[in-house]
Amino acid sequence: MGQAVSDWAASAGEALREGGYRRGGARRAVVELLADQHCCLTAQEIHDRLRATRRGVGIASVYRVLEQLVQLELVQRVEIGDGMTRYEPVHPDGVHHHHHVVCDDCGKVEAFSDDALERAIDSTAGRLGYEARHEVVLHGACADCRS
Ligand SMILES: [Zn+2]
Ligand SMILES: [Zn+2]
């Protein structure tokens, strides 16, 4: 677990406490799982991974905790156009900010980041007079699917 990762878990725990959410096993399990993630997972994947580590948390509880974390801006929803909502931790100051590339054949989702892309988006937003958030999703066929 890297420093930024454990910081996220600590600030998530603090924000949940300040938000008046009681400590609970489900909440802690979801936060600890997400703290190890640099990219996005569906609620079902989170549920399956928790079950695999013998920390069974009902799918309804997984959704409820995720929605609380989204409300507190600790987690963001990621929509890649396949009708499934994915969730990933949001790190303060944009650390680990990244985008997604999706293989439309096998469904693989990968993360990428690109400084030149960030600068281009920022300067475009500035020219438009906006202070803007952004999401970028590339769609295509991955190297494995094309071979
Ligand atoms: Zn991601
Ligand atoms: Zn970006």
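Computed over heavy atoms, backbone and side chain alike; hydrogens, waters and symmetry mates excluded. First listed ligand is number 1; within each ligand, the first listed atom is number 1.
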Full working for salt bridge (Lys or Arg N to Asp or Glu O under 4.0 Å) between D122 and R119: CA-CA 5 Å; D122 286 347; R119 285 195 299 275; over 6 Å; no
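No side-chain donor-acceptor contact under 3.5 Å links E79 and H100.
Residue-and-atom listing of protein N/O/S atoms under 2.8 Å from the Zn ion (ligand 2), sorted by chain and number: H97 NE2, H99 NE2, E118 OE1, E118 OE2, H134 NE2.
For V31, the side-chain contact (heavy atoms from CB on, under 4.5 Å) test picks out W8, A9, A12, L16, L69, with sequence neighbours left out.
Between H91 and H96, the ring planes lie perpendicular to each other; the angle is over 60°, past the 30° to 60° tilted range.
Nearest N/O/S atom of E88 with respect to the Zn ion (ligand 1) is recorded as OE1.
Counting non-hydrogen atoms of neighbouring residues, nucleotides and ligands closer than 6.0 angstrom, the CD atom of E135 reaches no more than 12 such neighbours. In the displayed structure, Q44 atom CD is contacted under 6.0 Å by more than 12 heavy atoms of other residues, nucleotides or ligands.
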